[in-house]
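Structure record follows, encoded as structure tokens.
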Amino acid sequence: MSWIHLAVLLPILFAILVPFIYKLVSPKIHTGWFVLVVPLLVFIYLLTFIPNLAAGNTYEASVSWIPAYDIDFVLTVDGLSLLFGLLITGIGSLVIFYSIYYMSKHREALHNFYVYLLLFMGAMLGLVFSDNIYVLYVFWEMTSISSLLLIAYWYERERSRYGAQKSMLITVFGGLAMLAGLIMISMMTGTNSIRDILSQANGLQDHPLFLPAMILILLGAFTKSAQFPFSIWLPDAMEAPTPISAYLHSATMVKAGIYLVARFTAFFGGSAEWFWIVSGVGLITLLYGSVNAVRQTDLKALLAYSTISQLGMIMSMLGLGSAALYFGYGDESTVYGTAIFAAIFHMVNHSTFKGALFMVIGIIDHETGTRDIRKLGGLVRFMPISFTLTVIGSFAMAGLPPFNGFLSKEMFFTALVKASELSIFNVGFIGLLIPIIGWVASVFTFVYCMILVFKTFGGRNKLAKKGKVLHEAPFGLLLSPVILALIVIITFFVPNVMGDYLYKPAFNAILPELHETIKLKEISAWHGFNMELFMTFGVIVFGIVLYKTLRKWFRLYLKYPQALTLNNAYNVGIEKMEKVSGAVTDRYMTGFLRDYLVYIFVFFILMVGGSLFLTGGFILDTSNDSPITIYEAGFVVILVLSGLSVLFAKTRLTAVVSVGALGFLVSFLFVLFRAPDLALTQLVVETVTTTLFLLCFYHLPQLKKEVSKIPFKLTNAVIAILSGVVVTLVALSANGTRMFDSISSYYENSYEIAGAKNIVNAILVDFRGIDTMLEILVLSIAGLGVYTLIKMRGGGDKNEKAK
């Protein structure tokens, strides 16, 4: 196992130790101090890759896992995976440090909190570094499970459980769709390696599975990154503690879908379907999130919708930039490839300013006891540092200088303008709407950023009347957002340092075939008086006007019927599905065994019998069967008679003896078939079971003779006869069909393969060892259950006597 494998698995491995650490040190020392070491170590280790990756190198490490199915634990370190890995561990380190001061070591279950957080961190690292599509899927679903636990951390709250369930249902649905898409890609390319898949991108756009695979993979990406219409889970996920919101919903989980789209752009990009779906959904999400953010009164809800908006912006840039793959080599590929570079740049910028904003909102909630904008105001006098951090983060998100968001927003406007000029993919008139939608969404982004700053910190202090003593947060809570805010400002003045060492290697990994021909310009804050700058001036002017007149047009939000909202559609859908499933369940869960058997056998007859009939699967071939001797026929007749005698036995003793006779006769059949080991095993088992039966029935009362008239039911008879006919047809067809060579010859070499002279024991212990072990485990669990029930019953009797 390589060091990169250890780095990826370190958070998951350390999560096992957290409960023991918590038990030893709590409440004397905050558990977070021990957990903080993990992301810091991984972050420092990942930093060592930067110089070599900037020089154009990549790294790959592999551990054999399931080689028979071409599933190995292969990790690839390239520019894209390294950039995400640094975000995951870097922001993760700041979040854990922040949580040490935010999460009380006396009131909170910190062992649960940090176990969930480390599991999520390890899952995200595994996701971005995995080269095998199935390993990627395993880590993908691990993020869904661990995020469920994190969102439901305060599980005693109904809204926390609701938000966790909603995120789980939506993201797991997308994950299953993505898995189907990955399987299709594997079928198309004949490999499970992402690098090998991307190398075969050319020439597969006409494959019949190309479009279905694209749609399914995008479903996974859109659900995870909260794209429209799947974005409804993100605001409800804000019920989690603020450190979780800052980590999951600004830097990590919601970026997983962005990573997936970026990674597979080289495979699907260049096609009209990818261009329109990715850029179209991104722009709609951008507009939807920004418009809805303005109407929010809860600060975290506002940030949630702003996150949806910003994710849509990044997604749209990835879609618009995919046009570069259509043009291939040339100046036009450079023009549109720059949009992908802008997406990478803004993704990092968003992680910094949004992470800082989430932490500041947590500070406001921590110090004031509320996140309701209507109850806040005038905080600038009491919390000047928090105000400064909010201004930096909000203005960066609004795309104002001198903050990093201005640089990437200008590049976004450039992508919008260039997309409107496209002469491919039937852009035409629709292309004119692309910059309009992006610009309108940017205006609303400016408005909600102003709300975040001035409605919270400006005006009069509404909490003073309630006797609330306000003060600035302690140093520990402020340090993490201060670091992020400094990055926001420093990036504006020296953007090309990170551009050369982080953004360009990530860009090269997204477009491995074109990066050498695409000449990226230096990131600059000034490009002269151009359309993008005028669009920025328009955003500021119209944004100020809308903010100043907010009270006059805000009522328009109230006009929209709640019955038509996506949240209402989700709630109604869940309610209807529960009712339908309940009605179906009540229909067959009648409490009568006969009804259950009717459903089972009718389904069996229709599915199995229907399949045999429709496919012509019935085959009767006895040419290879051995002849039936008189002894075998005689034993079969006796077996049938013994079975019938069990049904008509008048005493339990007769029934037990008849059942035992069946078993002993089967052992004689084994002798005739020259299987003495099986015969001996059967004799021993039958002797033991018959003895146990006799011991049990000795202590039970005798059978009483009961005379009752059993009515004849035609339905029962038809189902019974058809079930028997279908089973017989299946047995005969299976016997007459030889699709593969018999496995018996393989078992005959048991001595050479397993070193066993007894073939039966070899099959049970070696060839089916895991199966046998699980059977023993089931018996052991059942035995423990019985023992526990007996002990509990004894304890209960003592308690009753004590009473």
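Throughout, numbering of the chain's residues begins at 1 and tracks the sequence. Nothing here was measured: the structure is a model prediction, and the numbers come from that model.
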- Start with the C-alpha distance between Asn404 and Thr352, add both sets of side-chain angles, then the distance that settles side chain to side chain donor-acceptor pair (under 3.5 Å), and finish with yes or no. CA-CA 9 Å; Asn404 59 7; Thr352 54; 3.2 Å; yes
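- Sorted by first and then second residue, the ring pair (Phe, Tyr, Trp, His ring centres under 6.0 Å) pairs involving residues 289-326 (not counting sequence neighbours) are Tyr326-Phe425.
- When the ring pair (Phe, Tyr, Trp, His ring centres under 6.0 Å) test is applied to Tyr116, no partner is found at least two apart in sequence or on another chain.
- Checked by atom type and distance alone, the side chain of Trp553 pairs as donor or acceptor with a backbone atom of Thr549 at under 3.5 Å.
- With hydrogens and angles disregarded, a donor-acceptor distance shorter than 3.5 Å links the side chain of Gln296 to the backbone of Asn292.
- Applying the salt bridge (charged side-chain N to carboxylate O under 4.0 Å, His left out) test to pairs two or more places apart or on separate chains, those with a residue in residues 288-308 are Asp298-Arg371.
- Separation of atoms CE (Met359) and CG (Leu484) is listed at 5.5 Å; rounding is to 0.5 Å.
- His350 and Phe353 have perpendicular rings, their planes meeting at more than 60° on a 0 to 90° scale where under 30° would count as parallel.
- Rounding to the nearest 0.5 angstrom, the gap separating the OG atom in Ser245 from the CD1 atom in Ile361 is 11.0 Å.
- Remark: Glu158 engages Arg161 in a side-chain contact (heavy atoms from CB on, under 4.5 Å) (not counting sequence neighbours).
- Between the side chain of Ser322 and the backbone N or O of Gly269 there is no donor-acceptor pair closer than 3.5 Å.
- Evaluation of the side-chain contact (heavy atoms from CB on, under 4.5 Å) rule for Ser186 yields Ile133, Tyr134, Asn192 as partners, not counting sequence neighbours.
- Counting only residues at least two apart or on different chains, the salt bridge (charged side-chain N to carboxylate O under 4.0 Å, His left out) pairs with a member in residues 166-178 are Lys166-Asp236.
- Residue Ile340 holds its CD1 atom at 11.5 Å from CE of Met411, rounded to the nearest 0.5 Å.
- The side-chain heavy atoms of Tyr247 and Ile88, taken from C-beta on, include a pair separated by under 4.5 Å.
- Counting heavy atoms from C-beta outward, Phe264 and Leu182 have side chains that approach closer than 4.5 Å.
- Scored by the side-chain hydrogen bond (donor to acceptor under 3.5 Å, both in side chains) test, Thr456 finds no partners at all (sequence neighbours excluded).
- Between Ile96 and Met121 the shortest side-chain heavy-atom distance falls below 4.5 Å.
- Between the Tyr336 side chain and the Lys418 main chain, a donor and an acceptor come within less than 3.5 Å of each other.
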Run the side-chain donor-acceptor check on residues 210-228: report pairs under 3.5 Å with partners two or more places apart or on a different chain.
unit_1	atom_1	unit_2	atom_2	d
Thr223	OG1	Leu219	O	2.9
Thr223	OG1	Gly220	O	3.0
Lys224	NZ	Trp140	O	3.4
Lys224	NZ	Thr143	OG1	2.9
Lys224	NZ	Ser144	OG	2.7
Ser225	OG	Val254	O	2.5
Ser225	OG	Gly257	N	3.1
Ser225	OG	Ile258	N	3.1
Gln227	OE1	Thr285	OG1	3.3
Gln227	NE2	Ser225	O	3.1

- Message: Assess the residue pair Tyr448 and Ser306 against the criterion (side chain to side chain donor-acceptor pair (under 3.5 Å)); give the C-alpha distance rounded to whole Å, side-chain angles, the decisive distance to 0.1 Å, and a yes or no.
- Response: CA-CA 8 Å; Tyr448 68 67; Ser306 72; 4.7 Å; no
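- Every residue two or more places apart in sequence or in another chain that forms a side-chain contact (heavy atoms from CB on, under 4.5 Å) with Arg587 is listed here: Tyr599.
- Residue pairs meeting the ring pair (Phe, Tyr, Trp, His ring centres under 6.0 Å) criterion with at least one partner in residues 142-177, sequence neighbours excluded, are Phe113-Tyr153.
- The list of side chain to side chain donor-acceptor pair (under 3.5 Å) pairs with a residue in residues 535-548, not counting sequence neighbours, reads Lys409-Thr536, Glu410-Thr536.
- The NZ atom of Lys576 lies 12.5 Å from the OG atom of Ser581; values are rounded to the nearest 0.5 Å.
- The CG atom of Leu416 sits 11.5 Å away from the CD atom of Glu421 when rounded to the nearest 0.5 Å.
- Aromatic rings of Tyr557 and Tyr560 (six-membered ring for Trp) have centroids beyond the 6.0 Å cut-off, not under it.
- Checked against side-chain hydrogen bond (donor to acceptor under 3.5 Å, both in side chains), Trp439 has no partners two or more places apart in sequence or in another chain.
- Side-chain atoms of Thr307 and Lys354, non-hydrogen and from C-beta on, do get closer than 4.5 Å to each other.
- Note on ring orientation: taking the six-membered ring where Trp is involved, the planes of Tyr503 and Phe341 are perpendicular (angle over 60°, cut-offs 30° and 60°).
- Val488 has its side chain out of reach of Phe395: every pair of non-hydrogen atoms, C-beta onward, lies at least 4.5 Å apart.
- Checking side-chain atoms of Ser309 against main-chain N and O of Leu286 turns up a donor-acceptor pair under 3.5 Å.
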